[in-house]
Structures are given as structure tokens and as C-alpha cells.
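Worksheet: the structure to be examined is printed underneath.
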Amino acid sequence: MIGQVLYAASMVAFAVALLFGYFWGANWLLDRMLATTPAMAGEAITRRDSLRTRIRPWIFLAPTLFFLAVFLIYPIIETFRLSLFDRLGQNFIWFANYSWAWNDATFRQSAFNNLAWLIVVPALSTGFGLLIAVLADRLWWGGLAKTLVFMPMAISFVGAAVIWRFVYAYRGPDMAQIGILNAFVTWLGYPPQVWLQIPLVNSFLLMVILVWIQTGFAMVILSAALRGIPQETIEAARIDGAGEVRIFFTIMIPQIATTILVVWTTITIHVLKVFDIVYAMTNGENQTQVLGNLMYRWTFIAGDSGRGATIAIVILLAVTPIMIWNIRRARAAEGTG
Amino acid sequence: MSSVKIRNLYKRYGKVEVLRDVNLDIHSGEFVVFVGPSGCGKSTLLRCISGLETVSEGTIEIDGRVVNDVAPSKRGIAMVFQSYALYPHMTVFKNMAYGLKLMGLPKETIAAKVREAAEKLQLTAYLDRLPKALSGGQRQRVAIGRAIVRDPKVFLFDEPLSNLDAALRVQMRIEISQLKEQLTSTTMIYVTHDQVEAMTMADRIVVLKDGVVQQVGSPMELYDHPQSLFVAGFIGSPKMNFLSGQFADPFKAHTVGIRAEHLDIAPADGAWSGRVIYSENLGSDSFVYVDVGAPEPIIVRQPGKAAHHAGDVVGLAPKVHELHRFDADGRPMMH
């Protein structure tokens, strides 16, 4: 145990020393190789100076660029390459995988479900997050409420799925219901339902889990944004004769609109990648399939790297525009764009 | 008619008393300045009048009507905030029109009123801009414009110039004074911690300290006849010189106060004498700092350029009829 800790610590120290050595050493080398002396001609000095300033950023960026290339750029290119090959990656088949996907009923079902997730989850998470952020600031126990709402953020998707399996659990009509949802339904006098097997309803119930997780995130960010609104603008609106609701919609919301959009798109990106919840709850049965899980099934269960890669590329293409837009908005909000 | 009458006003936050037994009569069309050091309660008093703060005890009347329980928007007031408080997502036009729209006025009336105010404040060219595209002075004018269009009976200013640089502050001070000349029937209440603003703009000044009104009067009344040591020290720049103990004994007072311009430098026979430690030459006049042995140096104002250097020993002769004498409680003593 102690040995392991020491080993880990020494590796950390080694990595830091290595990086430091690289940065310092490369920088020293640059200064050395392009050094100027008073004896040199003025022109030569200027040329070397400008050359140094142009090279230096690349020295400091190099490690980052290297790791980005190895772990991000290369996999994307390789995935795209694989999507143009057959199941074992041996025969080049042009865009056959893509036309397969276009005509495949399960793929279409998954894409449709993803779209539904895309509309429902960000809207509900952002909406609830905003509502809770506003209301919690007016209650003396608001801090506690916010902590409770935030806690699901700390739970992994699979962990959350396990919790919600119990919520949706089903027992035969004669047995005691252990799931809260069915317990509630039977208490109302209705028969218990096998919730996760009812098409459309089951997808919605899965979305509820992600909403439960993401609301905390939305709430924390929006709560901070709400506090950033200058109090005097709200007071000015009160003097202008605006009521609470009008102030909320015409003075507060517009002032945090950028943040709302960033929160919305950030959650959207999470949603497009949804996999764990579906995998752990229904594994895509009963029309709950989503692209993430479909990709996993084709790649690792069916062993078809071509089709798996194709689905991955489709997800990537769907995420990219939102991602670019999101980064732009975030930069604009920080004033660095 | 738009008088403000405040009777026995108290404001408490829990056990902390921020305003204590404030009584004020502000007449219609008057420009009144609340002045005092930070934390004296001047802004709280203004916010009580505006309705943004509730009152713990006492009454506020505007135009003969008790407004304690009247919403801010129904009090006939308008307010200009320290930070301008413009709505950042609305153009200048919309900023000024927001309140009018809420009053339910027809579109044409709103546009006419906004244009009129914009013209008055030289903002016509900026009506379509967002606040962030304006300079500090322009933003302040928009804030004033937003207040003007409401046709308020009482105009409230909460330290409106403290976010501006020195040159702009002087300019806006003049503009606000001109505005007051145009709006003859509008009462204006102006809060500042800057006694120069108070002296130059006010019809009457209300000096506050620790939530209590110290003195109410015209700038010259306060300057010439301060009713307490605090007011004497707060009004006027440079600060009035105070001397107590052995220095005040010849005048049969606990403390004597004398303004810098009421002292003469007399080589031999002064009431006090000391060594020059520093002199500031401003061209038109100069200030000589003299150490007479009191805790703080005495400041003497001399017309023209000072002929005194650090280390010179000088005598100081006060103009006796300009001397302020105070008793041990800081109250003025009759001559």
C-alpha cells in the first residue's frame, strides 16, 4: 500500500520534472542558438529577435499539440477511415455503411430517440435549474435545497441508473410494490405498470434520470449568473413600475441570456453522447435505443468496426456545430472572443 | 406642489439603528443635498423616500400624502443610481421608454416624450445604441433621461457622479444644476459624500452623521455658522483648523476653529506661532502648513504665491470675528 503511494508520488514528481525540464531546456536552447551579441550587425539582431519571438510559442504549445494529435485528431481520422471499410476493416466499401445506416430501422429509431432526448432534456434541465435558482435565493433554507439538487451531479450515470431502476421497479399485481412510482400508482388505485417496457413512456422515464442529474449543473451556473445581475437595475425597474414577474422576464432573463444558452448547449452535448443510462436501464430494448448505445452494440457486441465507426462519425457530426457555437458563446461571455 | 415631509423617521436593520428620529421639510422645487461620511445613513434615507426601503417608524409624506405603504412606482418619484443602472440589453430609447410603456401610454406619446428628453440631454444621436457603446457621461445622461420622462414630482439622485472622472464630474455637476433651472417645479434630492458637490449645487444641505441629522441650512449658513464641531469640520475645503487645550484657553473655549483663509501670517505677535513644515503653491493661492505643537498642522491660506519655506518660524494671527468657539460637547458658544 505504502509502496504504491510512493510509486504514484514518484511518478507524479517524475512527470512534473520531465515537463519542467522540457520547457526550461527547450527555452534555454532557443535563447542559446539564436543568441545575439553586441558585435552583430543591427539587422541580424532584429532578425534573430523576431525569429525567437516567433518560435517560442510553438515550444510551449508543442506538448499539448502532440497529445491532442495522438489522442484526438488521430482517433477521429482513424474512425472515419474505419467507417469506409467492412466489418473487419479489410475491404474498402466506400459509403456503404452510411447508406446501410440511412436505411436501417434501428438506426432511424435511435436517431429519432436522440432527437427527442435533445429537445426534452436540455429544456427541462435548464428550466428547472433556473426555477430552483430563482426560488432558492428567496428561502432561508434555499442553500440546503440547492445542495440537495446539486448532489446527483456527483453520482455517475450508471449509479443513477441503479437508483432509478428501483424507482421504476415492477412487481406482480399481487405483490407489494418496491418501486416508488408503482407504489404511488397503486396507492391511487391503478394497476402497477412495467414502466420500462411501454414504448415512448420508457424513453421519457430514462430522460427524467438525465434531467435529475443535469438540473443541478444548470442551477449552479444560473444561480451564479443571477447573482451577477446588478441589483440597481432591478431597483430601477421597480421604480419604473415593473412587478416581480415582469422584472424576471424583461430585466433578469435578458441579462443572463448568454449563460442560459451556454448551459443549454452544454447539456445538449452531454445528451448527444448519452449511453450509460440507456445501457444500464434497458439496453435499448422496447424502442429506447440511442445512437451511443447502438454504436457500442455494433462495435463490441456484433464486432462490426465499420458500422460502429459510422455511427460514431454521425454522432460527431451532430455534436460539432453545437460545440463550435457553444465555445463561441462562452468566449463572447468572457469577453475573450 | 411637490413637497416632501419626513416625521420622526427611524430605520432599523435588526438591532442596528441606521436612521434616528429624522425630521425634514423639503419644499416644492427645492434642491436639497444629503451629505455626510460613508455609513451616515444618507443613502438609506433616500431609499426610504424612494420606497426601495421600508420605514421602521415615522412617516414620509410626498405632496401631502403619506406614502409609507405606497409602491415606489406610485410615489411620483424618479431615481438616478450611482451605477446608472441602465438595462444593458435595451437600447437608449428602450431604456427611457420602459417605464412609460408600463404606465400604459400610447406609443406616439412615449416616442415624443423620449425624443424630447433625448434632445434636452443631447442624446438624440445615440437612441439606437446599447448602453455599453456609450461613455460614462452619456450613460449618466441616459439615466437622467430615464428619470425625466417619468415627469416626477421628486427627483432622487444617489451619488450620481462618483463613477465619473474628475473633469466629467465638474461638467455633469453643471448640467444637473442647469436641469434644475429648467425643472422649476420638481423637487430634487441629491445624495453625495462630496461636500464640494453639496456646496456648489444645493439650495439647502442636510448634514447627516450616524443616522442623525446634524444641521440643515443653506451652504453659506453651514459654512459661516456650523452648529457643531462635526459640521464645522465636514463643510469646507481645506478642513477647518481646530485647536484645543492651551491653544484655546486665551479664547475661553474648549476648542476653537478657524478656516485657512481667516488666518494671517504675522512675523511677531500672533496668537500662535510655529514652524512651517510644508507649503503648497497652487498659483492663484497657496496653503502653508504650520506646526504649532498641536496634534495636526495648521493650514493657512495665502493669496498669490507663498513666500514661506519649510523651517521658517512664523506667527499666526486669526481674524477674531471669524473664529468659531466650541464647548466641551462640540456645541458652538455665543460670541
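The choice from Ser50(B), Ala143(B), Ala147(B), Ser83(B) that makes the most heavy-atom pairs within less than 4.5 Å of chain A is Ser83(B).
The environment of CZ in Phe66(A) is sparse: at most 12 heavy-atom neighbours from other residues, nucleotides or ligands sit within 6.0 Å. Other residues, nucleotides and ligands contribute at most 12 non-hydrogen atoms within 6.0 Å of the CZ atom of Arg246(A). Around the CZ atom of Phe157(A), the shell of radius 6.0 Å holds more than 12 heavy atoms that belong to other residues, nucleotides or ligands. The number of heavy-atom neighbours closer than 6.0 Å to OH of Tyr10(B), taken from other residues, nucleotides and ligands shown, is above 12. Within 6.0 Å of CH2 on Trp325(A) lie more than 12 heavy atoms contributed by other residues, nucleotides or ligands. Applying the 6.0 Å contact sphere to CG of Leu131(A) captures more than 12 heavy atoms from other residues, nucleotides or ligands. Within a 6.0 Å sphere centred on NZ of Lys94(B), heavy atoms belonging to other residues, nucleotides or ligands number 12 at most. Within a 6.0 Å sphere centred on CE of Met252(A), other residues, nucleotides and ligands contribute more than 12 heavy atoms.
Residue Leu100(B) does not touch chain A at all, counting heavy-atom pairs closer than 4.5 Å. Contacts between Ala257(A) and chain B at a heavy-atom distance below 4.5 Å are absent for every atom of the residue.
Of all non-hydrogen atoms in Ser73(B) and Gly241(A), the two that sit nearest each other are CB-CA, 3.2 Å. Summarising the geometry of Met79(B) relative to Ile239(A), their closest heavy-atom pair is CB-CD1, 3.5 Å, with the distance given to 0.1 Å. Taking all atoms of both residues into account, the shortest heavy-atom contact from Ala236(A) to Ala85(B) is CB-O, 4.0 Å. Residues Glu232(A) and Gln82(B) come closest through the heavy atom pair OE1-N, 3.9 Å.
Side-chain contact between Ile251(A) and Met90(B) is present, with at least one heavy-atom pair separated by less than 4.5 Å. Looking at heavy atoms from C-beta onward, Glu235(A) lies in side-chain contact with Arg47(B) at the 4.5 angstrom threshold.
We find the OG1-CG distance between Thr233(A) and Asn95(B) to be 10.0 Å, quoted to the nearest 0.5 Å.
Contact check on Asp240(A) versus Arg150(B) returns a salt bridge, with a Lys/Arg side-chain nitrogen under 4.0 Å from an Asp/Glu carboxylate oxygen.
A donor-acceptor pair under 3.5 Å is absent between the side-chain atoms of Tyr98(B) and the main chain of Ala242(A), judged by distance alone. Although no hydrogens or angles enter the test, the distance criterion places a donor-acceptor pair under 3.5 Å between the side chain of His89(B) and the main chain of Thr250(A).
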